[in-house]
Trainee: 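Before I ask anything, let me first share the structure, which is written out below as structure tokens.
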Amino acid sequence: MKAVALPGMSPTARNARAAAPLVLLVAGPALAHAPRAADAHAGAWPFEPWLLALLSTSATLYAIGVLRLWQRAGRGRGIRVGHVAAFAAGWITVAGALASPIDPLGGHLFSVHMLQHELLMLVAAPLLVVARPLAAWTWALPARSRPVVGGALRARLWRLCWRTLRSPPGAWLLHAAALWGWHAPALFSLALRDPFVHSLQHASFLGTALLFWWAVLGSKARARTGVALLALFTTMVHMTVLGALITLSPRPWYSAYATTSAALGVDALADQQLGGLLMWIPGGLAYLAIGLWLASRWLRDDDQRVPAANPRPSAT
């Protein structure tokens with residue numbers, strides 16, 4: 001996500017690209033999301049006007065920004081076709097997790113609820129980060145408002161808070177706290193009972209995952225690949241530990257699923273074990289795969305910086 005200086009973009013507009021709209025516009029759908037009532041039919045298609053509005057807004061602004069940028073700089077400049085494909089895939093994943101039958105079914109089965117969380121944190125979040133949405137959304141703003149937004153985002157207090165949140169230690173800590181805190185039985189059960197708390201749960205999963213992947217894959221991550229690899233490794237470890245604890249527990253952690261899963265003919269403990277396995281194995285493998293890719297890129301970049309061991313002698 002390296003910034004690209006393009007004709008017509010002022011310094012204040014470029015500063016706007018380092019702003020929080022990534023979390024606000026992409027995590028917004030999760031915050032607008034509310035769970036279905038307890039008696040809702042599992043597998044029904046949910047209808048959330050605010051969710052659909054936020055999803056539509058984020059996609060529309062991204063499309064407008066990309067088109068304006070390409071009209072000014074040329075197709076594929078600044079934001080490549082691959083970035084657009086990544087945004088589309090991430091956007092579809094968020095919509096699939098929150099605006100499809102996965103959502104109501106997650107209120108009945110713990111394993112589906114875990115699938116929903118994994119889609120948000122391990123699929124949608126990294127795709128949206130690499131899609132460079134800030135660049136597109138900045139170009140979607142009216143030309144006169146870009147300097148205003150950029151000036152507001154250069155405020156010292158805001159920059160300090162934002163720098164802390166998107167730093168590897170800060171993003172790692174927030175993401176770990178969200179992961180472990182929301183899976184505590186008391187908080188998880190509260191989220192199942194209270195629509196607002198459930199919305200907050202999904203928003204925090206997606207929001208902290210965006211910050212985490214931004215710290216790992218963002219524009220400054222290449223200069224600190226070692227720190228990014230450490231963050232990936234430690235996150236993989238504590239996520240697999242949590243998944244193992246859930247899987248190997250001799251009794252269900254979340255009593256609310258005892259009734260809802262039984263209504264669908266699924267044993268509550270078996271349902272919990274499946275959900276824990278989803279976090280344990282696929283979740284851990286996702287961090288491992290991205291870590292290996294980062295390590296290979298790091299080694300390749302180092303090889304390119306090292307001069308040839310036996311340079312060809314110059315002609316005399």
Trainee: So L51 and L98, do their side chains get closer than 4.5 Å, heavy atoms only?
Mentor: yes

Trainee: Measure across A286 and L122 and return the closest heavy-atom pair with its distance rounded to 0.1 Å.
Mentor: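 Shortest heavy-atom contact: CB-CD1, 4.2 Å.
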
Trainee: Quick one: side chain to side chain donor-acceptor pair (under 3.5 Å) pairs with a partner in residues 263-278, sequence neighbours left out?
Mentor: S111-D271

Trainee: Please report the interatomic distance OG1(T138) to CZ(R68), rounded to the nearest 0.5 Å.
Mentor: 11.5 Å

Trainee: Rounded to the nearest 0.5 Å, what's the gap from CH2 on W137 to CG on L61? Could you check?
Mentor: 8.0 Å

Trainee: From L200 CG over to D194 CG, what is the distance, rounded to the nearest 0.5 angstrom?
Mentor: 9.5 Å

Trainee: Could you pull out the closest heavy-atom pair between V129 and L210, with the gap in Å?
Mentor: CG2-O, 3.6 Å

Trainee: How far apart are the closest heavy atoms of R132 and I79, and which atoms are they?
Mentor: O-CD1, 4.0 Å

Trainee: Can you list everything that forms a ring-ring contact (aromatic ring centres under 6.0 Å, His included) with H113? Sequence neighbours excluded, please.
Mentor: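 ring-ring contact (aromatic ring centres under 6.0 Å, His included) list for H113, sorted by chain: H117, F188, H198, H202.
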
Trainee: Quick one: ring-ring contact (aromatic ring centres under 6.0 Å, His included) pairs with a partner in residues 52-84, sequence neighbours left out?
Mentor: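 Listed by first then second residue: Y62-F87.
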
Trainee: Please round to the nearest 0.5 Å and tell me the distance separating atom CD1 of I246 and atom CG of L278.
Mentor: 10.5 Å

Trainee: Kindly compute the distance separating CG (L173) from CZ (F212), expressed to the nearest 0.5 Å.
Mentor: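 The CG atom of L173 sits 12.0 Å away from the CZ atom of F212.
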
Trainee: Has the side chain of R77 got a donor or acceptor atom that lies under 3.5 Å from a matching backbone atom of L69?
Mentor: no

Trainee: What residues form a side-chain contact (heavy atoms from CB on, under 4.5 Å) with L174, not counting sequence neighbours?
Mentor: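 With sequence neighbours excluded, L174 shows a side-chain contact (heavy atoms from CB on, under 4.5 Å) to L165, T208, L211, given in chain and number order.
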
Trainee: Hydrophobic clusters here meaning ILVMFWY residues chained together by side-chain heavy-atom distances under 4.5 Å, can you tell me if L294 and L230 are in one?
Mentor: no

Trainee: Can you find a side-chain donor-acceptor pair between S100 and W45 that sits under 3.5 Å?
Mentor: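 No - no donor-acceptor pair under 3.5 Å links their side chains.
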
Trainee: Passes side-chain contact (heavy atoms from CB on, under 4.5 Å), V266 versus L274? Steps please.
Mentor: CA-CA 11 Å; V266 179; L274 178 58; over 6 Å; no

Trainee: Say whether F233 and W280 are linked into one hydrophobic cluster, either directly or through other cluster members, by side-chain heavy-atom distances under 4.5 angstrom.
Mentor: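 Yes: a chain of side-chain contacts under 4.5 Å links F233 to W280.
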
Trainee: Test: side chain to side chain donor-acceptor pair (under 3.5 Å). Region: residues 233-248. Which pairs qualify, not counting sequence neighbours?
Mentor: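 Of all non-adjacent pairs touching residues 233-248, those that pass side chain to side chain donor-acceptor pair (under 3.5 Å) are W172-T234, W172-T235, W180-H238.
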
Trainee: P185: what forms a side-chain contact (heavy atoms from CB on, under 4.5 Å) with it, not counting sequence neighbours?
Mentor: W253, Y254

Trainee: Which residues pass the side-chain contact (heavy atoms from CB on, under 4.5 Å) test with T259, sequence neighbours left out?
Mentor: none

Trainee: How far apart are the closest heavy atoms of M236 and Y287, and which atoms are they?
Mentor: CB-CB, 3.7 Å

Trainee: Any chain of hydrophobic side-chain contacts (each under 4.5 Å) joining V130 to W139?
Mentor: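 Both belong to a single hydrophobic cluster.
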
Trainee: So how far is it from F205 CZ to L119 CG, rounded to the nearest 0.5 Å?
Mentor: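 Those atoms lie 13.0 Å apart.
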
Trainee: Taking T93 for its side chain and A124 for its backbone only, find out whether a donor-acceptor pair lies under 3.5 Å.
Mentor: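 Flag not set: sc T93 to bb A124 has no pair under 3.5 Å.
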
Trainee: Looking at residues at least two apart in the chain, or sitting in another chain, which of them share a side-chain contact (heavy atoms from CB on, under 4.5 Å) with A209?
Mentor: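 By the side-chain contact (heavy atoms from CB on, under 4.5 Å) rule, A209 matches M121, A125, H175, W213.
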
Trainee: Indicate the atoms forming the closest heavy-atom contact of L127 with A89, along with that distance.
Mentor: CD1-CB, 3.8 Å

Trainee: Would L120 and I281 show up in the same hydrophobic cluster when neighbours are defined by side-chain heavy atoms closer than 4.5 Å?
Mentor: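 Same hydrophobic cluster.
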
Trainee: Under 3.5 Å, is there a donor-acceptor pair between the side chain of S204 and the main chain of Q201?
Mentor: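 Yes, the answer is positive, given that a donor and an acceptor are paired below the 3.5 Å cut-off.
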
Trainee: Identify the two heavy atoms, one from L192 and one from A256, that lie closest to each other, and give their separation to 0.1 Å.
Mentor: CD1-CB, 3.8 Å

Trainee: May I ask you to decide if L55's main-chain N or O and S58's side chain share a donor-acceptor pair within less than 3.5 Å?
Mentor: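 Confirmed, S58 side chain pairs with L55 backbone.
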
Trainee: Does V241 belong to the same Ile/Leu/Val/Met/Phe/Trp/Tyr cluster as L288, with side-chain heavy atoms less than 4.5 Å apart forming each link?
Mentor: yes

Trainee: Please step through side-chain contact (heavy atoms from CB on, under 4.5 Å) for the pair R75 and V81, ending with a clear verdict.
Mentor: CA-CA 8 Å; R75 185 175 182 271; V81 175; 3.8 Å; yes

Trainee: Carefully, step by step, assess R251 and L269 under the rule side-chain contact (heavy atoms from CB on, under 4.5 Å).
Mentor: CA-CA 6 Å; R251 59 181 181 275; L269 183 57; 5.5 Å; no

Trainee: Could you give me the CA-CA distance, side-chain angles and deciding distance for V227 and V216, then say whether side-chain contact (heavy atoms from CB on, under 4.5 Å) is met?
Mentor: CA-CA 8 Å; V227 178; V216 171; over 6 Å; no

